[in-house]
Every structure is written in C-alpha cells, then in structure tokens.
Amino acid sequence: MYKVDLLPDPKEIAAIERRRNQEQQRQSRIFNAKCRIIGVDVQTLDKQVQELKVKERAEKANNEAYDAERLLNDRITQMLEQRQEQLAQSLEKAVQDFRDQHQQPHTCRDFDLNDPEALKKDKPARVGDEDLRCGPASLQKFAGEDLNEKERKKIQMDLTKKWFLDQIEDRQRTQRQAKYADNLNDKKRVELDERALHLSAMEEECRKAISLATKNYNEALALEASELKRLRNQQEQDDNFAEIYNHLTGDILTENPAAATSSYGAQRVIPDRWKGMSPEQLQAIWETQEQQRQEKQKLNEQEKQMEVEWDKQRVLAARASMTLEQQEMEMNKELRKKLDLYNQQLSKEQKAQ
C-alpha cells in the first residue's frame, strides 16, 4: 500500500456549487413580490430534508465500500506476507538440510590436510611391502616397485567418478531450486495482477454508481426548475391579462369625464381620475419616470454582471474538475509503475536467493 496526498474531492466542489444555486433561487423567491410566501415554506423544508437523507445514504454507502475495500486489502496483504515467510523458511530449511547431508567437514576433498586428529590417524612409516606411501626418500621402497598400480588407478578413477557424480547432482539440485523459485515468483506476479484488476473493477463500479446518482439528482432538479418556471410564467401571464383587462375597462383609459367629478363640489376633482394636468406636473412625472428608468437599467446591469460572475465560477469549477480527473489518472499510472517496479525488485531478490 502506498500513501499518497489526497486531492480535493469533486463531490465537495459540486455540493458547494449546488448550495450556491439553491441560495440564489431562495433569494429570488424571497425578494420577488409576486412569488413571496408569508410564513414557512414547507415544500422547500421537505425538499431539504429529502436531499439531506439522500446525501447521508450516499455517504454511508461510500464509507461501507471503502471499509470493505480496506479489509480486503488487509487480508490480501496478510496472506502475501505469510506466503513469503513460509517460502523463506522452506528455502532456509532446504539449504540447511543440504549442508547437513552433503557439506560435512569430513566429505571435503582436502580434509586430510586440515584434520586436527591427523597425527592420531597417521600410519607408521611402512606398514608392509605394498605400502604406497613409501617413496624414494623413505628408503623403504625404491623406484620401479609400483606393485599396486592397477588398484591405485582403479581407486583414482572411482574417486574421480564419485566427484563428477556429486557435481552433477549438485547442479541438478540447484536447477530444481531455481525453477521452483521462478514458479513461485510467476504465481505471485499473476496473483498481484489479478488483485490490481479486481481493485480497478471495484473502483470503476463505484464511479459508475456515483455518476448515476448525480445524473438522477440533476435530472430531478432540472424537472423541478422547469416546473417552477412554468408556474411562474403562467401566474405572471394571468396577472398581466387581469391588469390589461382592468385598464381597458377602467375609467382611466375610457376617459370618462364624470368619473373625475368630486362629491364635494364641481370645483373639486378626484386626483386618481383627473385627466388634465399642467406642463410642470407632466414634466415632474417625466423626470420621475426617467429616474426610475435609470435605476432599473442599473439593476439590470448589476444582474447581468452577477450572471457573468456566476458563469465564470461555473467555468472555473468545470476546469477544476477536469484537472482533478487528470491528476487522478496520473496517480493511477504512477501507482501502477511503482507496483511493477516493486514486482521486478522482488523477482530479482528471489532469483538471487
């Protein structure tokens, strides 16, 4: 297992963006006089409760998946460590058995030169007439008296044959041990590859589940937003129709002179029904309308600027998510390379053993 630095979670960025959108929608509902609701918005509260429950269930599922994956990795690591320890113990036992059976001090070719009891085992200068140790300097046997030549050559040939057979057996044993170690290494590499494929498959399934949940949630939000927009447009259209009808049937557009007559006298008029105004009053009204138009234009410009800022924020969030995905892909590649290097190093060590 390798420890790597965790990058910001794309889910957190998406959650922050979603909360911002919800806050903006809430403000638009609150500050809009036509859609404002006095009291508690029960539907919004229920929606928030449902969203919180969905989020908690998703987090719980993710935590359970991560815990299961961690337990699986721990079990696999323990099995690999036990198998490696057993292999090392078997190799050490095989080496020690080989030493005990075939590498005793008395089986060495030049043991007679280093034998501490050589003097005790030594023979007299001459045992008999057939003693091969009696050379010219011993004055016990003279040149030309090699009476045991056949036996000596036979013993030498048997000894040479024995040495040759021992060397062949040692070489075959070494080859068998190397082949066994190679087989174990191949099995371990196959097991590690299968484990890596299994982990990759689990990670891909988790990503697909998260993507599907996000997609469903976005579709539900889009449907809800479209329905709210349709209802607002319908309400606004109904209000506009009612207002037009009232203006068309009212005394203002019909210009009914009798509607402006006051009950207190003919010299008095009702202000909201009076049609005649002085140029100064008209000028004041025009100035007020111009001021209102300018204020409305400023508000529209501020709204456009806010929409541009939100578009910039969404673009930055999209770029950040793409950067996170690229970094995650690079981390997976780096992890794969490190795993291959570790397998190669382990293979070299086992071959060296």
Side-chain angles (χ1 to χ4, degrees), residues 6-69 203 205-246 292 295-325 328:
L6 296 178
L7 296 174
D9 193 356
K11 296 189 293 184
E12 294 181 0
I13 297 175
I16 292 171
E17 183 66 21
R18 185 175 65 255
R19 287 197 294 270
R20 287 177 178 174
N21 294 332
Q22 291 175 356
E23 181 64 21
Q24 185 179 6
Q25 293 176 3
R26 187 181 69 83
Q27 291 179 1
S28 64
R29 290 195 303 271
I30 291 173
F31 295 113
N32 191 354
K34 295 181 180 179
C35 300
R36 184 180 301 149
I37 298 174
I38 303 302
V40 180
D41 191 354
V42 179
Q43 295 181 355
T44 303
L45 294 177
D46 294 338
K47 179 183 176 183
Q48 292 177 356
V49 171
Q50 293 296 328
E51 290 177 354
L52 183 60
K53 290 182 179 179
V54 172
K55 182 179 178 181
E56 290 177 353
R57 287 196 295 270
E59 290 178 355
K60 184 178 180 181
N62 291 333
N63 293 330
E64 291 176 355
Y66 292 150
D67 293 338
E69 183 179 0
E203 184 178 2
E205 291 178 358
C206 184
R207 285 183 180 176
K208 288 181 179 179
I210 293 172
S211 299
L212 181 60
T214 305
K215 181 180 178 181
N216 294 333
Y217 180 72
N218 292 333
E219 289 178 354
L221 288 178
L223 290 175
E224 184 179 0
S226 62
E227 183 65 20
L228 290 175
K229 184 177 180 181
R230 186 185 66 80
L231 292 175
R232 286 196 299 268
N233 293 333
Q234 184 66 30
Q235 184 65 32
E236 185 176 1
Q237 188 176 5
D238 294 340
D239 294 340
N240 292 333
F241 286 158
E243 185 178 2
I244 291 171
Y245 178 77
N246 292 331
Q292 291 177 354
E295 292 178 354
K296 185 176 181 181
Q297 185 177 3
K298 290 181 180 180
L299 290 175
N300 292 332
E301 291 178 355
Q302 291 178 359
E303 291 179 357
K304 289 182 180 179
Q305 187 175 1
M306 290 180 64
E307 290 178 357
V308 171
E309 291 295 332
W310 278 113
D311 293 337
K312 290 182 179 179
Q313 292 293 331
R314 285 194 291 270
V315 171
L316 292 175
R319 291 180 179 175
S321 62
M322 292 177 64
T323 305
L324 289 174
E325 292 178 357
E328 185 177 0

Does I16 reach the side chain of R19, with side-chain heavy atoms less than 4.5 Å apart? yes
Go through it in stages, so that I can follow the logic: the residues are K208 and L212, the test is side-chain contact (heavy atoms from CB on, under 4.5 Å), and I'd like the CA-CA distance, side-chain angles, deciding distance and then a yes or no. CA-CA 6 Å; K208 288 181 179 179; L212 181 60; over 6 Å; no
Set out, in order, the CA-CA distance, both residues' side-chain angles and the distance that settles side-chain contact (heavy atoms from CB on, under 4.5 Å) for E59 and K55, then state yes or no. CA-CA 6 Å; E59 290 178 355; K55 182 179 178 181; 3.2 Å; yes
Would you check, one step at a time, whether the test side-chain contact (heavy atoms from CB on, under 4.5 Å) holds for Q48 with Q22? CA-CA 10 Å; Q48 292 177 356; Q22 291 175 356; 5.6 Å; no
Donor-acceptor pairs are to be reported for all side-chain atoms of residues 298-312 against protein atoms at under 3.5 Å, with residues two or more places apart or in another chain.
residue: N300; atom: ND2; partner: K296; partner atom: O; Å: 3.2
residue: D311; atom: OD1; partner: R314; partner atom: NH2; Å: 2.1

Ion pair R18/E51, N-O distance below 4.0 Å: no
Would you indicate whether the side-chain heavy atoms of L324 and I13 approach each other to under 4.5 Å? yes
If you measure from CG on N240 to CG on N233, what distance do you get to the nearest 0.5 Å? 10.5 Å
Among Q235, E227, Q234, find the residue that satisfies the side chain to side chain contact (heavy atoms under 4.5 Å, CB included) test when tested with L231. E227
Electrostatic pair R20:E23 at N-O distance under 4.0 angstrom: no
Could you check whether any side-chain heavy atom of K11 comes within less than 4.5 Å of a side-chain heavy atom of N62, counting everything from C-beta outward? yes
How many angstroms lie between atom CG of N63 and atom CD of E56, to the nearest 0.5 angstrom? 11.5 Å
Nearest heavy atoms of A318 and S321, plus distance in Å: O-OG, 2.5 Å
Beyond-backbone contact of E203 with E328, side-chain heavy atoms, under 4.5 angstrom: yes
